[in-house]
Amino acid sequence: MKIAVCVKRVPDSEARIKIGADGKGIDESGIKFILNPYDEYAVEQALKLKEAAGDGEVVVVSLGTAAVQETIRAALAMGVDRGILLETDAQPLDPLGAAQALAAELRDGGFDLILCGKVAIDDYAHATGTMVAELLGIPSVSAITHLQLADGQGTAEREIEGGVEVVEFTLPAVLTAEKGLNEPRYPALKGIMMAKKKPLDVKPVELDPGGIEVLDLVLPPARQEGRIVGEGADAVPALVEALQSEAKVL
Amino acid sequence: MPFEGVDFYETDLLLSEEERAVRDTVRRFVDDEVMPIINECYIEGRFPKKLVPVMGELGLYGANLPEEYGCAGLNNVAYGLIMQELERGDSGIRSFASVQGALVMYPIYTFGSEEQRKHWLPKLATGELIGCFGLTEPDFGSDPGGLITTARETDDGWLLNGAKMWITSGSMADVAIVWAKTGRLDDQGSIRGFIVPTDTDGFSAKDQKGKLSLRASDTSELVLEDVRVPKDALLPNTSGLKSPLMCLNQARYGIAWGAVGAATACYDEALSYARNRIQFGRPIGGFQLQQARLAEMLTEITKAQLLNIQLGRLKDQGKVTPQQVSLAKRNNVNMATECARETRRLLGANGILVEYQAMRHMVNLESVYTYEGTHDVHTLILGQWATGLNAFGE
């Protein structure tokens with residue numbers, strides 16, 4: 001079984017984000033970047049499938065600047081066999097452009113399965129994985145929490161409002177991973193040392209400029225200070241009143 | 001919330017991508033596996049043995065030894081970062097890894113035969129086997145050369161007799177590295193190391209009771225009463241007191257890094273508390289006395305970080321001296337002890353609770369201050385280096 005996993009380099013969820021000088025992107029200085037957490041679920045699933053099958057290959061593909069090599073090596077350290085960086089001058093913003101570049105690379109790769117995270121925690125577009133499926137003309141199931149494969153067929157579960165949807169599909173397919181699909185492993189130290197010896201192909205790509213332009217990036221307004229309405233049981237009516245009429249959460 | 005660490009001087013720039021990746025993996029392991037259970041273990045006086053195979057799978061034991069023996073083959077800076085992150089969790093966890101790697105695997109690798117290396121190291125690396133190190137005795141702590149455990153050669157092996165004290169992992173160990181004199185008791189040159197399986201007849205271990213420090217660690221006393229081991233239990237390349245001291249030097253190196261982890265955990269807690277605790281209508285971090293505490297901690301931690309990285313680079317180049325390791329152990333453990341104490345004080349009454357880390361680190365560090373060469377012994381090592389005069393009493 002040959003599996004591709006598409007991954008993205010994103011700012012650490014704990015990073016304190018500052019807006020860059022142009023007001024359209026973030027200031028990357030001093031920010032720690034990580035492998036997108038949803039992509040970690042996708043990597044883990046691919047490794048589990050390979051281990052269960054006893055053979056096969058897991059290839060990780062990413063798009064972006066040379067700095068993304070570090071993110072690819074994080075996946076290699078977890079146990080992925082090799083990596084491909086589709087290198088661009090700047091971090092791509094338009095999901096369609098990214099999906100086109102990824103699809104072009106994956107199209108003739110002979111992959112049985114393509115896994116992605118359901119969303120990247122930087123732009124929250126929820127788009128690239130399903131767009132890759134559309135461009136390749138193969139089935140796609142998004143935000144899966146459970147997966148079973150057998151004889152060129154697959155069954156996946158998706159958590160939907162108030163229940164679970166069970167979906168069947170044929171391979172090859174693109175699946176996007178939701179939290180709960182698995183518990184990603186830590187990259188063991190030997191894995192980290194081996195990662196730099198594994199193949200990492202760097203292929204320059206030109207991205208379609210796409211139809212999206214970021215006009216403005218703003219931080220959320222600072223949270224307002226809380227107010228203490230009183231103390232003890234006597235304060236409960238005033239608190240309920242405030243929650244109902246001011247905060248409107250009751 | 002995940003631990004972020006403190007990096008005021010951008011020391012991350014001095015680390016390679018692999019070194020940072022190693023640090024981040026161990027940091028995450030400590031967040032996920034150590035922090036949720038450590039308080040309970042500490043109160044109950046119990047080492048979290050279930051973490052032994054998990055740390056083995058990650059490759060944390062003897063990580064600076066070669067891959068051919070099942071180890072991670074990391075450089076010494078990466079090894080130091082592992083110790084730093086483990087001790088950010090608890091000194092007892094770091095002590096376990098230090099003993100396994102620096103005091104059990106290192107001597108087998110350095111003084112052992114190829115058969116001994118192949119037989120023991122892979123299983124110690126995974127944590128399938130646990131090791132301990134028996135040098136210190138009830139009456140010989142800072143003066144290990146005086147030890148009175150004996151090894152007498154017999155027709156088919158060695159006969160060991162003696163007692164060892166303050167032995168980390170002693171009660172749960174599968175194997176002990178025991179240091180004993182093969183010659184006269186006044187002959188330090190006759191000290192040799194032996195690999196002793198703990199299920200050998202005559203070997204017993206018992207828990208050191210009543211510890212107020214390193215409570216999440218197994219500290220034991222070993223008794224060897226007519227313990228018979230085969231000829232190949234001897235570590236063939238050990239020769240005199242300098243062999244166990246070389247092991248201690250490895251462990252001290254890791255401790256210098258570990259102390260920074262404990263100090264950073266305390267600084268992080270102090271800072272967070274100072275920002276959130278309101279007294280007199282504003283965060284206590286806005287008062288000069290608390291700012292002085294935080295500024296002092298930040299300064300000392302930053303200096304220790306820089307010291308460690310240079311020490312590690314020297315070690316990787318094979319240039320490091322025992323005195324340089326002594327300076328780092330002495331300085332960093334002392335500063336960590338001060339950071340923990342100041343954090344405990346900054347936290348006021350809350351600082352005595354186990355749900356805050358400061359007092360646990362504070363009392364742990366009193367042991368770290370005392371073991372692997374007390375602070376005072378390292379002072380004398382540096383004094384001797386500076387003056388050329390020995391102040392140890394001989």
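Here is how names work: the chains are called A, B, and so on, in the same order as the sequence lines, proteins then strands, and each is numbered from 1.
Residues A:T128 and A:P95 share a closest heavy-atom pair of OG1-CB, 3.8 Å.
The pair A:R16-A:D27 does not meet the salt-bridge criterion, since no charged nitrogen lies less than 4.0 angstrom from a carboxylate oxygen. B:E269 and B:R88 are not joined by a salt bridge, as no carboxylate oxygen comes within less than 4.0 angstrom of a charged side-chain nitrogen.
Note that CG of B:L294 and CD1 of B:I284 are 8.5 Å apart. Values are rounded to the nearest 0.5 Å.
Close approach to chain A, defined as a heavy atom under 4.5 Å from one of its heavy atoms, is seen in B:E57, B:L58, B:G59, B:L60, B:A63, B:E67, B:G70 of residues 53-70 of chain B, taken by number. Contacts between residues 2-29 of chain B and chain A, counted as heavy-atom pairs separated by less than 4.5 Å, involve B:P2, B:E4, B:E17, B:E18, B:R20, B:A21, B:V22, B:D24, B:T25, B:R28, B:F29.
A donor and an acceptor atom, one from each side chain of A:T145 and A:R158, are nowhere located under 3.5 Å apart. No side-chain donor-acceptor contact under 3.5 Å links A:K50 and A:Q45. B:N76 and B:Y253 share no side-chain donor-acceptor pair at under 3.5 Å.
Chain B forms the most heavy-atom pairs under 4.5 Å with one residue out of A:M194, A:R185, A:E70, and that residue is A:E70.
Around CG of A:D89, the count of heavy atoms belonging to other residues, nucleotides or ligands within 6.0 Å does not exceed 12. Within a 6.0 Å sphere centred on NZ of B:K123, heavy atoms belonging to other residues, nucleotides or ligands number 12 at most.
Counting only heavy atoms from C-beta outward, the side chains of A:T71 and A:F33 never approach each other to under 4.5 Å.
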